[in-house]
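Since this is a predicted model, take the numbers as computed values, not measurements.
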Amino acid sequence: KGVRIPSGPLMNSEEFALWIEKIFFPSNILLVLGLVLIAYLGTDLLVNNSIAFVSSFLAYGIAVKLVKMRYNRGFIIYSIGAFVGLMTFFIMMNTFTLSKELVLAATSAFVITLIVYLVRPTWKISGHLAGITTLSTIMTLVDTRFTLLYLALPLVIHSRLKLKRHTLAQ
């Protein structure tokens, strides 16, 4: 589903929340911050890092498309996609020499993803918040100037609550 573009000069609160939901969808943030991390590292491993990241992201996207043909539940669709993407990355990690920052970032993302998808069937914690928090932390550990990424958290929290996707406790 696309987000309706507001006709007036300002968005109402719900339109703003939908806009935030789409922008901060976990895979969107992963794509942008992953590319920023690779560009920031800019080492002699740039080509290897790029190949590993892009192939993993493509594997995620293909898996999501294929799973959507069979299932209609977002949890199943995106969890399978995430695991296919991460497994592809780990195969690439054993094929190419990659920067330690990228390997640690992928390992951290894998652990958090695993935790979210193990807990989520019982208690609907926010994948959006887990994603932006994880990626902000990873980027901040690389360079403290990325601490500003945490400023997105209140926007994402507002969006999830406004759209009634989660309770405050979740």
Identify each donor-acceptor pair in which a side-chain atom of residues 33-47 lies under 3.5 Å from a protein atom, sequence neighbours left out, and give them as a table.
{"from": "Y40", "atom 1": "OH", "to": "D143", "atom 2": "OD2", "distance (Å)": "2.3"}
{"from": "T43", "atom 1": "OG1", "to": "L45", "atom 2": "N", "distance (Å)": "3.0"}

Next item on the list: Report whether I62 and V54 are members of the same hydrophobic cluster (ILVMFWY, side-chain heavy atoms less than 4.5 Å apart, transitive linking).
Entry: no
Check: When hydrophobic residues are tied together by side-chain contacts of less than 4.5 Å, even through go-betweens, does F96 share a cluster with V103?
Finding: yes
Next item on the list: Hey, could you give me the NZ/CD1 distance between K162 and I20, rounded to the nearest 0.5 Å?
Entry: 13.5 Å
Next item on the list: Work out which heavy atom in H166 is nearest to a heavy atom in R120; give both atom names and the distance.
Entry: CE1-NH2, 4.3 Å
Check: Taking side chain as C-beta onward, heavy atoms only, is I23 less than 4.5 Å from N28?
Finding: no
Check: Side chains of T97 and N48: do they bring a donor and an acceptor to under 3.5 Å?
Finding: no
Check: Should F57 and S27 count as side-chain neighbours, where that means a heavy-atom distance under 4.5 Å?
Finding: yes
Next item on the list: Taking the side chain as every heavy atom from C-beta outward, state whether M69 and L66 have any pair of such atoms under 4.5 Å apart.
Entry: yes
Checklist line | Straight-line distance of K164 NZ to E14 CD, nearest 0.5 Å | finding: 8.0 Å
Next item on the list: Of all the heavy-atom pairs spanning A109 and T134, show the shortest one and how long it is.
Entry: CA-CG2, 4.3 Å
Residues 146-157 side chain polar contacts: donor-acceptor under 3.5 Å, at least two apart:
{"from": "T147", "atom 1": "OG1", "to": "T144", "atom 2": "O", "distance (Å)": "2.5"}
{"from": "Y150", "atom 1": "OH", "to": "T137", "atom 2": "N", "distance (Å)": "3.4"}
{"from": "Y150", "atom 1": "OH", "to": "T137", "atom 2": "OG1", "distance (Å)": "2.7"}

Note to self: Treating S55 as the side-chain partner and A52 as the backbone partner, does any N or O pair qualify as donor plus acceptor under 3.5 Å?
What the structure shows: yes
Check: Does any N or O in the side chain of N49 come within less than 3.5 Å of the main-chain N or O of L102, such that one atom is a donor and the other an acceptor?
Finding: no
Checklist line | Crowding at CG, L118 (>12 non-hydrogen neighbours, <6.0 Å) | finding: yes
Checklist line | M139 and V142: CA distance, side-chain angles, deciding distance, side chain to side chain contact (heavy atoms under 4.5 Å, CB included) verdict | finding: CA-CA 5 Å; M139 296 299 286; V142 170; 5.5 Å; no
Next item on the list: Would you indicate whether K65, at its atom NZ, is surrounded by more than 12 heavy atoms from other residues, nucleotides or ligands within a distance under 6.0 Å?
Entry: no
Result block: side-chain N/O donor-acceptor pairs under 3.5 angstrom for residues 86-95, not counting sequence neighbours:
{"from": "T88", "atom 1": "OG1", "to": "V84", "atom 2": "O", "distance (Å)": "2.8"}
{"from": "N94", "atom 1": "ND2", "to": "F90", "atom 2": "O", "distance (Å)": "3.0"}
{"from": "T95", "atom 1": "OG1", "to": "I91", "atom 2": "O", "distance (Å)": "2.8"}

Next item on the list: Spell out, yes or no, whether L104 and L114 are grouped together once hydrophobic residues are joined by side-chain heavy atoms under 4.5 Å, including indirect joins.
Entry: no
Notebook entry, point to check: What pair of heavy atoms forms the shortest contact from A17 to S159, and how long is it?
Noted result: O-OG, 2.7 Å
Notebook entry, point to check: Out of curiosity, L30 CG to T113 OG1, how far, rounded to the nearest 0.5 Å?
Noted result: 8.5 Å
Check: Which atom pair, heavy atoms only, marks the closest approach of G81 to A63?
Finding: CA-CB, 3.9 Å
Checklist line | CG on L135 to CD1 on I112, rounded to 0.5 Å | finding: 10.0 Å
Next item on the list: Might you work through the side chain to side chain contact (heavy atoms under 4.5 Å, CB included) test for R165 and H128, ending with a clear yes or no?
Entry: CA-CA 10 Å; R165 306 284 199 252; H128 285 75; over 6 Å; no
Next item on the list: Calculate, to the nearest 0.5 Å, the distance between atoms CD1 and CD belonging to I138 and E101 respectively.
Entry: 12.0 Å
Check: Taking atom CG of L98 and atom CZ of F53, what is their separation to the nearest 0.5 Å?
Finding: 12.5 Å
